[in-house]
Amino acid sequence: MTATAAHPTQQSGRKPLGELVVRMLTTTDHKLIGKMYLITSFAWFLVGGVMALLIRAELFAPGSQVVNDELYNQLFTMHGTIMLLLFATPLFFGFANVIMPLQIGSPDVAFPRLNMFSYWLFLFGGLIAASGFLTPQGAADFGWFAYTPLSDAVRSPGVGGDLWIMGLWMAGLGSILGAVNFITTIICMRAPGLTMFRLPIFVWNVLITSLLVLVAFPILAGALLSLEADRLLGAHVFDTAHGGAILWQHLFWFFGHPEVYVVMLPAIGITIDIVATFARKKLFGYKLMLYTTVATGVLSFFVWAHHQFISGIDPRMANVFMVTTLLISVPIAELMFVIIATLYGGSIRLATPMLWALAFIAEFLIGGVTGIFLGASGADIYFHDTYFVLAHFHYTFFPIAIIGTFAGLTYWFPKMFGKMMSDKLGKIHFWGTIIPFNFIFIPLFVLGMGGQHRRIYNFQHFPDLAGADFQRLRIIATVALLVMLAFQLVFFYNFIRSLLRGEKAPKNPWNANTLEWTTESPPPHGNWPPDQMPKVYRGPYEYGRPDRESDFWPQDEPA
């Protein structure tokens with residue numbers, strides 16, 4: 001009998017496109033869902049980056065350059081919405097889905113179908129929120145914080161505002177369900193021997209972040225539904241006649257400030273795993289790191305009103321929130337000191353993931369130090385709504401969202417896709433991102449100290465802001481943004497090239513200790529063969545042991 005020739009796709013090991021699409025639409029595999037989160041988030045990153053470029057192009061010179069005033073308002077509203085809620089926040093769910101079950105030795109998450117449902121809520125919620133651009137009156141244009149009464153039906157009558165509200169509500173529901181899934185998985189599905197104090201810091205931070213989501217996101221969901229009731233049903237929840245404008249600020253920022261730590265804590269977990277691996281040192285102060293992370297999460301719910309220092313808040317209450325805002329700097333500083341102490345005396349290897357981790361520390365410290373000025377009510381009264389706030393905000397979110405993401409992707413790419421990325425191209429992308437970033441936002445600090453306010457579409461009518469010195473800074477920021485966006489093409493080329501023609505990755509290319517490096521790259525269905533599920537004997541950061549021939553001791557290797 002003549003043997004039947006194998007199909008070309010079977011010979012190459014690649015699945016037909018149709019089969020791949022069906023698998024993505026129906027999958028409950030946590031690894032594929034996590035990759036879908038990451039890919040979708042990066043798609044939003046590109047959309048938000050183009051919006052930022054249009055905004056900066058409009059500010060390149062006085063007058064109307066690229067867009068009119070209405071579209072400008074829509075662009076900065078949707079840029080903020082996309083970068084915070086459709087890019088930065090879902091990155092947490094992407095990395096947590098792919099890596100967290102592997103780091104706890106679990107074959108999957110606790111609720112695989114709920115996991116799939118959470119992703120589709122996020123995807124369609126984001127599409128609904130951004131679909132306002134397709135309506136006659138355009139997208140939402142009241143700022144990503146949607147202050148009332150600017151966001152009511154009188155001042156923002158377009159359907160774009162309604163789509164923004166309900167789209168974010170749907171995406172937020174997906175986040176809440178995803179957080180429930182992660183908490184259950186970490187509590188109930190750890191490998192034998194993996195006690196809570198043997199968890200990697202990334203897993204701990206996923207757990208704490210999920211708890212923050214469960215507290216903060218329902219507040220936003222309730223506020224959004226109340227705002228929509230005002231717009232469509234005349235509910236008057238946020239009517240200015242009885243303090244509704246201030247009520248919205250309290251509800252929004254009670255969500256908005258913990259949101260910073262929803263993005264920050266996973267990025268810190270990624271950074272710690274990378275630093276310990278490439279410094280070849282045991283983490284300095286494992287329990288200190290845990291306690292300060294918990295303190296950061298708790299304090300994040302007691303600082304929201306520093307956003308309202310100029311909203312008519314009682315000065316006595318302003319003093320309370322000024323103290324809590326400055327107080328939260330203490331555990332965050334301790335987190336940074338633990339990372340720096342781990343680096344001290346280490347055998348440091350400056351691979352691409354390590355460069356991103358070190359850049360995270362340096363850039364985030366700039367954001368933290370400049371935030372102290374805004375936490376002091378006297379200084380905030382001057383700096384509020386100036387470019388100083390804009391620069392501080394980006395020095396906070398760029399490290400925790402973008403730098404942390406590139407650190408995690410370059411570190412776990414071998415495990416996620418079974419291929420090695422080019423270290424040379426990775427370093428070109430790193431320097432092509434970090435250097436222009438500083439040239440974008442350091443000039444904005446200067447503009448803010450000079451008194452330039454945010455959200456001014458055309459500053460030619462403000463003589464104090466239209467001078468040659470200020471204009472030179474705007475040009476530098478715009479050109480630097482263009483350069484930084486261009487260098488992202490290097491990353492995408494490296495990513496695609498590595499997927500198609502990259503060197504096959506071994507199980508543990510970095511000689512790391514945590515459990516994800518004990519299975520194949522990429523992991524099979526179920527993560528480990530049923531008869532080879534891991535058992536844990538020690539903590540996650542056993543590097544540089546003098547009693548061992550190798551400088552690392554995997555968690556599943558017996559004594």
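Computed from a predicted structure; not experimentally measured.
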Task: Side-chain heavy atoms of Phe202 within contact of Val206, under 4.5 Å - done: yes

Task: Phe122 vs Leu173 side-chain heavy atoms within contact, under 4.5 Å - done: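 Contact flag for Phe122/Leu173 side chains = no.
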
List for me each residue that meets side-chain contact (heavy atoms from CB on, under 4.5 Å) alongside [X], sequence neighbours excluded, and say none if there are none.
X: Met416; answer: Lys35, Leu38, Val98, Leu409, Trp412
X: Leu212; answer: Tyr261, Val262, Leu265, Ser300, Phe301
X: Phe145; answer: Tyr147, Phe252, Trp253, Arg455
X: Ile176; answer: Leu214, Phe217, Pro218

Open item on the list: Check this for me, if you would: do Asp556 and Lys535 make a salt bridge, where the nitrogen-to-carboxylate-oxygen distance has to be below 4.0 angstrom?
Closed with: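 Salt bridge: no.
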
Open item on the list: Is it the case that the side chains of Asn205 and Thr209 hold a donor-acceptor pair, with the cut-off being a distance below 3.5 Å and no angle test?
Closed with: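 Short answer, no.
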
Open item on the list: Do Thr514 and Glu516 pair up side chain to side chain, a donor and an acceptor below 3.5 Å, judged on atom types alone?
Closed with: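 Result is yes, a qualifying pair exists.
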
Task: Residue pairs involving residues 411-436 (criterion salt bridge (charged side-chain N to carboxylate O under 4.0 Å, His left out); sequence neighbours excluded) - done: Asp423-Lys427

- [ ] Would you please indicate yes or no on a ring centroid separation below 6.0 angstrom for Phe87 and Trp44?
- [x] no

- [ ] Kindly say whether the aromatic ring centers of Phe93 and Phe182 come within a distance under 6.0 Å.
- [x]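 When the ring centroids of Phe93 and Phe182 are compared, they turn out to be within the sub-6.0 Å range.
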
Task: For Phe441, all residues meeting ring pair (Phe, Tyr, Trp, His ring centres under 6.0 Å), sequence neighbours excluded - done: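 Per chain and number, Phe441 pairs via ring pair (Phe, Tyr, Trp, His ring centres under 6.0 Å) with His394, Phe437.
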
- [ ] Mark yes or no for whether Trp510, through its side chain, and Tyr411, through its backbone, hold a donor-acceptor pair below 3.5 Å.
- [x]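 Looks like yes, one N/O pair under 3.5 Å.
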
